[in-house]
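See structure below.
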Amino acid sequence: MSESSVEQTNESPSNLIDSFNRQIRYLRLSVTDRCNLRCTYCMAEDMTFLPKSKVLSLEEMAMVGKAFVGLGVEKIRLTGGEPLVRNGIVELSRQLAKLDGLRELVMTSNGVLLDKFAHPLRDAGMSRINISIDSLREDRFKTLTRFGHLSDVLRGIDAARDAGFEKIKLNAVILKGTNDDEVIDLTKFALDKGLDISFIEEMPLGEIDGHIREETAVENRSIREQLEAQFTLESSDFSDRASGPSRYLKIAGSDSKVGFISPMSDNFCASCNRVRVTAEGLLLLCLGNEHSLDLREIVRDDPSLLQQAIVDSMQRKPERHYFDPKDITITRHMSATGG
Ligand code: SAM
Ligand code: SF4
């Protein structure tokens, strides 16, 4: 089936409105559930991955992206799993980046392979990149990721800077007793490199075996207090209608911003502007609920029905998530969801 079977309507960006009057402008597209790391808060040590036949082909992913942009989505984030382990990622990026109406094609990566991919991705039209880094200590980084090398990520960050990405942002998940003493160091590192940084609260997605989430939870409020003891944080005029629920403050005297993504302590669902599509083509209407629609079936049977199915699914987007670290009701891991 050809990609052109999906009509790109280019109408004003308001076709995707849910029953709570939220406009959906942002798609997170997971290109694989596989990864070259096993971060303890994200995955269990032993994971079962999707068989190839169940994963959308690159052509099918391009079709899905085109359908969403035709309906008013302005920003697509490629994620995973680790997006850079998917073969053909640069070509997919190139196809998506040239879609009429897309303002930003961005990616979240663990950075391990960025040394190789930063320049090709930039050339393909990707504008921004978020890089996850939870520790600046080699031994701790290895424990957190189960077998990663910090030096690979540091090289990846430098390659991304060298490739000229617009504002690069670091993402860190802080766990009590593991890396909660690195909040200042990670922020100073971001400042030194001229980057932004976001702190993300750990969410109870999927069963893990490395720690008990209830015991490692750190609220972003306490991270902010640590930062305020060291830096002056100013309210930021940073506003991007596609950026949604993240809250940013400017670090005085620098160009860097610090963001707080607080799904556990500060429900932000009222401003949710996003949906996710998993590598197997499941349209997830909410990170913390199971409401979904199988787009793979539609793409493979009759792609001309794709856009209407997406529009109709908006009525099923839940009002909000309810996360409880003691109660894992969402069994899919963040790596399968597309973070
Ligand atoms: N592999 C890439 C990476 O690590 O950046 C992209 C996928 S990863 C699932 C996207 C983001 O989700 C990362 O910043 C990661 O730290 C975060 N993440 C993974 N599991 C999480 C969890 N249970 N709670 C909160 N954030 C999580
Ligand atoms: Fe892989 Fe990203 Fe999950 Fe870490 S957070 S295991 S890098 S998908």
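Numbers here are sequence positions counted from 1. Treat the numbers as computed from the prediction; the structure is a model and nothing was measured. Quick note: numbers below take in every heavy atom, side chains included, and nothing from hydrogens, waters or symmetry partners.
- The heavy-atom pair separating Glu201 from Asn220 by the smallest distance is OE2-N, 2.8 Å.
- Side-chain atoms of Glu219 and Ser262 form no donor-acceptor pair, as typed in the model, at a separation below 3.5 Å.
- When the side chains of ILVMFWY residues are joined at heavy-atom separations under 4.5 Å, either directly or via intervening members, Val106 and Phe165 end up in two distinct hydrophobic clusters.
- For Asp255, the CG atom is loosely surrounded, since the number of other residues' heavy atoms within 6.0 Å does not exceed 12.
- Shown here for Leu56 and Arg300, the closest heavy-atom pair between the two residues is CA-NH2, 4.1 Å.
- When all heavy atoms of Cys35 and Met43 are compared, the pair lying nearest together is CB-CE, 3.5 Å.
- Residues in residues 31-51 take part in these side chain to side chain donor-acceptor pair (under 3.5 Å) pairs, two or more places apart or across chains: Asn36-Asn110, Tyr41-Asp134.
- No continuous path of hydrophobic side-chain contacts links Leu282 to Met203 [ILVMFWY only; heavy atoms under 4.5 Å].
- Side-chain contact between Ile168 and Arg161 is present, with at least one heavy-atom pair separated by less than 4.5 Å.
- Sparse packing is recorded around CZ of Arg221, with 12 or fewer heavy atoms of other residues, nucleotides or ligands lying under 6.0 Å away.
- In this structure, Asp209 places its CG atom where more than 12 heavy-atom neighbours from other residues, nucleotides or ligands lie under 6.0 Å away.
- Atom CD of Glu297 has 12 or fewer neighbouring heavy atoms from other residues, nucleotides or ligands inside a 6.0 Å radius.
- The cluster map of Ile, Leu, Val, Met, Phe, Trp and Tyr, joined by side-chain heavy atoms under 4.5 Å apart, puts Leu305 and Val69 in the same cluster.
- Looking at Thr216 and Lys176, their side chains never bring a donor and an acceptor atom within 3.5 Å of each other.
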